[in-house]
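Here the structure comes first, spelled out in structure tokens, and everything after it is commentary.
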2 protein chains.
Amino acid sequence: MKTADPELMRAINRFTVLDKIRRRGPISRVEISERSQLSTTTVSAITASLLDDGLILTRHEGDIRNTAARGRPRVMLELNPDAARVVGAKIATNRIVFALTNFCGEVLSKLTIPVRVDRLPIAVISDLVEDGVRRCVVDAGLSLGDIDTVCLGLPGVVEHRTGKVRSSPVFRETDVNFAEEMTSRLNRPTIVESDAHAIALAHHWFGQARDLDDFVIVSLEQTLGLALLHNGQLFRGAGGLSHNLGDLVLGATLDETVRLSAIAGETAILGEQQASGHFAEAVRLGRGMAHAQALIASRDHPLAAAALRAGEAVGLAIANIVTLFGPPRVIIVGQTLSLGAMFTDSLRQSYAQAIPRSIREVAELVFDESPDEAWAQGAAVVALRELYESPWGTTGPALSL
Amino acid sequence: MKTADPELMRAINRFTVLDKIRRRGPISRVEISERSQLSTTTVSAITASLLDDGLILTRHEGDIRNTAARGRPRVMLELNPDAARVVGAKIATNRIVFALTNFCGEVLSKLTIPVRVDRLPIAVISDLVEDGVRRCVVDAGLSLGDIDTVCLGLPGVVEHRTGKVRSSPVFRETDVNFAEEMTSRLNRPTIVESDAHAIALAHHWFGQARDLDDFVIVSLEQTLGLALLHNGQLFRGAGGLSHNLGDLVLGATLDETVRLSAIAGETAILGEQQASGHFAEAVRLGRGMAHAQALIASRDHPLAAAALRAGEAVGLAIANIVTLFGPPRVIIVGQTLSLGAMFTDSLRQSYAQAIPRSIREVAELVFDESPDEAWAQGAAVVALRELYESPWGTTGPALSL
DNA sequence: CTCAATTTTTCCCTTATGCGGATTAATTCA
DNA sequence: TGAATTAATCCGCATAAGGGAAAAATTGAG
């Protein structure tokens with residue numbers, strides 16, 4: 001348990017002010033004071049310090065009040081985009097996507113490497129990632145030294161605190177300390193994070209959850225992931241791990257345990273088909289879901305049945321998650337959404353049937369097909385949040401003695 | 001978002017010190033300082049204030065070091081048991097149990113009213129509870145004015161923040177503002193809390209989780225409840241609600257949704273029997289589970305099958321919860337445990353089968369058949385925690401590092 | 001153009017906190 | 001009895017936030 005001293009106090013208030021400036025665009029000191037319960041004096045002191053550190057900028061225009069407002073005009077404050085540069089990446093089994101952003105999280109350059117990595121040795125994957133980061137930096141007209149932090153988002157079970165990847169479809173090995181590896185390669189602080197957590201923060205900053213500090217992300221990619229934002233903080237579970245939704249058990253007979261991944265995992269949906277010809281090629285290249293949608297159009301295709309079953313299973317799982325957490329919004333993301341309405345309708349219907357009556361209106365389901373770039377941007381946001389020096393740990397490991 | 005001022009700072013450190021004194025029995029100032037990272041000066045100042053407020057006492061004995069220790073002897077500090085009196089209660093469908101405790105959470109008097117309340121009007125239930133609290137107070141040689149807070153734990157979905165009972169097997173009505181009702185009746189601040197949360201705090205203070213700040217409670221009573229402690233704080237879900245484990249969906253066919261409560265709820269287990277004679281009477285009086293164990297002893301009794309199925313279902317649900325939260329310990333409590341080894345073995349086996357390999361060793365299952373008194377004591381602890389003035393909201397963000 | 005009115009921002013002062021070092025207190029051992 | 005040792009407190013300092021007054025920057029009326 002952390003003890004409080006003036007330093008912590010300052011850190012907390014500094015973060016609040018910085019966060020207000022980020023969220024409410026250009027904003028005046030008075031308004032920060034009103035919205036944060038801090039005195040104008042304190043806000044002034046903190047903003048002075050932020051200006052001094054070059055994290056924010058002043059702008060003498062953009063006052064939202066009546067143009068004919070009397071009195072001294074407000075000086076608007078906004079983030080200094082150039083205060084930092086970070087690189088975020090999404091590593092998937094069949095592609096790696098990079099995004100370089102400024103301090104505001106705006107993408108300055110991006111890069112996609114369409115490569116199948118899931119059977120490559122770690123050294124080769126590391127090479128690819130290192131190369132991608134370097135290219136992305138060059139594309140933005142920068143050099144690696146200008147980058148403050150790098151954050152890599154990847155599927156599977158990731159231990160954020162240590163940077164260890166417990167298990168992931170992109171690595172053949174388990175317990176890979178990928179953060180350490182990349183930090184020494186790039187000579188820049190490198191964070192490893194679950195891809196679901198990355199897209200969650202992307203939605204929190206820019207997407208469908210800007211207005212919410214509590215929501216759930218269900219990520220339906222090759223791996224089924226879960227992210228849970230609680231009070232604006234990622235909830236990492238007691239062990240500090242990311243969650244693996246695919247391991248959820250849907251039902252079991254005496255002999256057999258049916259896990260969600262066995263019904264709604266990518267390979268489960270697409271793999272049932274005797275992959276042949278054009279479609280097989282698409283699957284191999286990671287375009288399986290998109291192509292599948294076309295095939296499903298003919299409703300009697302066996303894929304249609306698989307899509308229905310997958311939607312049903314995910315709907316059930318989401319109902320259970322809502323039962324446990326009661327989030328106001330559940331955002332469903334990932335390639336599996338490319339299956340189209342047949343899948344999502346089935347999901348919605350199964351959810352509606354499974355959600356208990358008493359909390360039927362608690363949560364709202366939202367589907368979102370963000371491009372890969374958004375995931376990489378989300379990873380960048382993870383990196384930015386470390387720079388913001390949030391005084392609350394993202395998971396708050398309480399070390400009480 | 002909470003802003004920091006000196007007051008918060010003091011509240012945090014004061015709580016830290018008070019909590020250390022509670023947990024570490026009689027403890028000296030130096031030791032508090034060592035264990036809390038606070039300077040001896042600060043500890044001295046805070047303890048002086050606590051002594052001044054009468055919350056702690058000094059004791060000039062019990063130094064744990066060598067009796068032949070040199071130097072000025074340490075003055076041991078401990079909670080002042082008389083600093084507060086609270087009443088906790090567990091309201092179940094067929095009994096109400098009260099416990100009056102001191103500031104340390106030690107039970108001073110207790111009372112059980114064996115009464116079936118689940119079909120009574122609220123006014124009558126309120127009468128019973130009011131009467132029970134008053135008796136319990138008198139039994140302890142006190143008067144109601146000596147009581148600082150009352151906390152009522154009951155099954156179902158409880159909104160702690162507002163004191164509203166959304167739905168509960170003990171009430172026919174839904175959305176009952178029970179806290180308001182009892183506060184005005186007793187003229188004492190009265191808190192309403194989920195019974196699962198109450199027993200969770202009981203275990204945290206006195207039971208199987210004294211050493212842990214992260215654990216999960218699964219409560220198998222008439223209603224299936226869940227409590228989740230994260231960083232020493234109850235996790236109440238985004239809506240501030242308690243969780244209803246019974247609503248979890250285990251599996252579904254097209255026509256039918258199978259919920260946990262339909263397999264492992266008390267009525268589901270016992271109700272399948274054509275209730276007749278002696279056993280039926282026991283069920284009516286709430287002794288069903290205990291009597292069932294005797295019947296199960298003859299392994300071919302239909303109850304045995306029900307117990308097996310229930311254990312299986314609960315084991316599955318727990319595996320899913322562990323998949324999501326990864327707690328180091330899961331404590332399973334409640335009357336259903338009276339079914340005995342047949343039930344618990346089945347649960348363990350099903351859990352072992354369902355838990356993903358990668359997190360197999362993460363969580364440890366513990367069964368605990370605490371008496372009802374422990375639940376009431378837990379409710380009292382809920383009340384005490386309010387008095388301790390924890391500066392973090394029960395669901396608020398944890399301060400890290 | 002000047003001056004009052006208005007609003008934002010800063011400066012000064014007070015009070016709170018925690019901390020480090022010196023001081024006092026209480027005990028053991030020689 | 002006095003030296004050594006450890007515990008607890010006192011004193012002064014640094015830093016925080018907050019309140020009120022003053023300064024700054026603008027508009028509008030005469």
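Per chain, numbering begins at 1; letters A, B, ... match sequence-line order. Computation of the quantities below employed the complete heavy-atom set of this structure, encompassing side-chain atoms and omitting hydrogens, waters and symmetry-equivalent molecules.
If A:Ala45 and B:Ala48 are placed on DNA chain D by their nearest nucleotide, the residue sitting closer to the 5' end is B:Ala48.
Here the C1' atom of nucleotide C:dA16 and the CG atom of A:Leu8 are 16 Å apart, to the nearest Å. Look at CD1 on A:Ile46: it is 15 Å from C1' on C:dT10, rounded to the nearest Å. If you take CD of B:Glu7 and P of C:dT14, they are 21 Å apart, rounded to a whole angstrom. One interatomic measurement links the two molecules: CE of B:Met9 to P of D:dA14, which rounds to 16 Å at whole-angstrom precision. Rounded to whole angstrom, the span from the CG atom of B:Leu77 across to the P atom of D:dA7 amounts to 13 Å. The nearest whole Å value for the distance from the CZ atom in B:Arg14 to the P atom in C:dA16 is 15 Å. Rounded to a whole Å, the CE atom of A:Met76 is 15 Å from the C1' atom of C:dT9. Protein atom CD1 of B:Ile12 is 16 Å distant from nucleotide atom P of D:dA16, rounded to whole Å.
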Identify each atom pair where a protein N or O and an N or O of nucleotides 19-23 of chain C are less than 3.5 Å apart, giving names and distance.
unit_1 : atom_1 : unit_2  : atom_2 : d
C:dC19 : OP2    : B:Ser39 : N      : 3.2
C:dC19 : OP2    : B:Ser39 : OG     : 3.2
C:dC19 : OP2    : B:Thr42 : OG1    : 2.7
C:dG20 : O6     : B:Thr41 : OG1    : 3.3

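In this structure a side-chain-to-backbone donor-acceptor pair under 3.5 Å is missing from A:Thr58 to A:Leu77.
Closest non-hydrogen pair, A:Ala383 versus A:Cys151, comes out as CB-CB, 3.9 Å.
Checked for salt-bridge contact, A:Glu31 and A:Arg24 miss the test: no charged N lies under 4.0 Å from a carboxylate O. Using a 4.0 Å cut-off between a side-chain N of Lys or Arg and a carboxylate O of Asp or Glu, B:Arg236 and B:Glu193 qualify as a salt bridge.
Taking the six-membered ring where the residue is Trp, the centroids of A:Phe235 and B:His230 are separated by under 6.0 Å. For A:Tyr388 and A:Phe103, the ring centers sit closer than 6.0 Å to each other.
Considering only side-chain N and O atoms, A:Arg74 lies under 4.0 angstrom from the phosphate OP1 or OP2 of C:dT8. Side-chain nitrogen and oxygen atoms of A:Arg29 include at least one within less than 4.0 Å of the OP1 or OP2 phosphate oxygen of C:dT9. Using a 4.0 Å cut-off, some side-chain N or O of A:Arg10 falls inside it from OP1 or OP2 of D:dA17.
The shortest distance between side-chain heavy atoms of B:His160 and B:Val192 does not fall below 4.5 Å.
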Just do the salt bridge (charged side-chain N to carboxylate O under 4.0 Å, His left out) check on B:Asp211 and B:Arg329 with the steps written out, would you? CA-CA 11 Å; B:Asp211 50 335; B:Arg329 192 172 297 161; 3.4 Å; yes

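Checking C:dT17, C:dT24, C:dT10 against the side-chain heavy atoms of B:Pro6 singles out C:dT17 as nearest. Out of D:dA25, D:dA17, C:dT8, the shortest distance to the side chain of A:Val30 is found at C:dT8.
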Using residues 49-56 of chain B as the side-chain source, report each donor-acceptor pair under 3.5 Å to any protein atom, sequence neighbours left out, with the distance given to one decimal.
unit_1  : atom_1 : unit_2  : atom_2 : d
B:Ser49 : OG     : B:Arg14 : NH1    : 2.6
B:Asp53 : OD2    : B:Arg14 : NH1    : 3.4
B:Asp53 : OD2    : B:Arg14 : NH2    : 2.8

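Between the CG atom of A:Asp19 and the CZ atom of A:Arg385 there is a distance of 8.0 Å, given to the nearest 0.5 Å.
Not a single donor-acceptor contact under 3.5 angstrom links the side-chain atoms of B:Arg72 to the base of C:dA26.
Direction of the helix axis in the helix from C:dC1-D:dG30 to C:dA30-D:dT1 shifts by 30° between the two five-pair termini, rounded to 10°.
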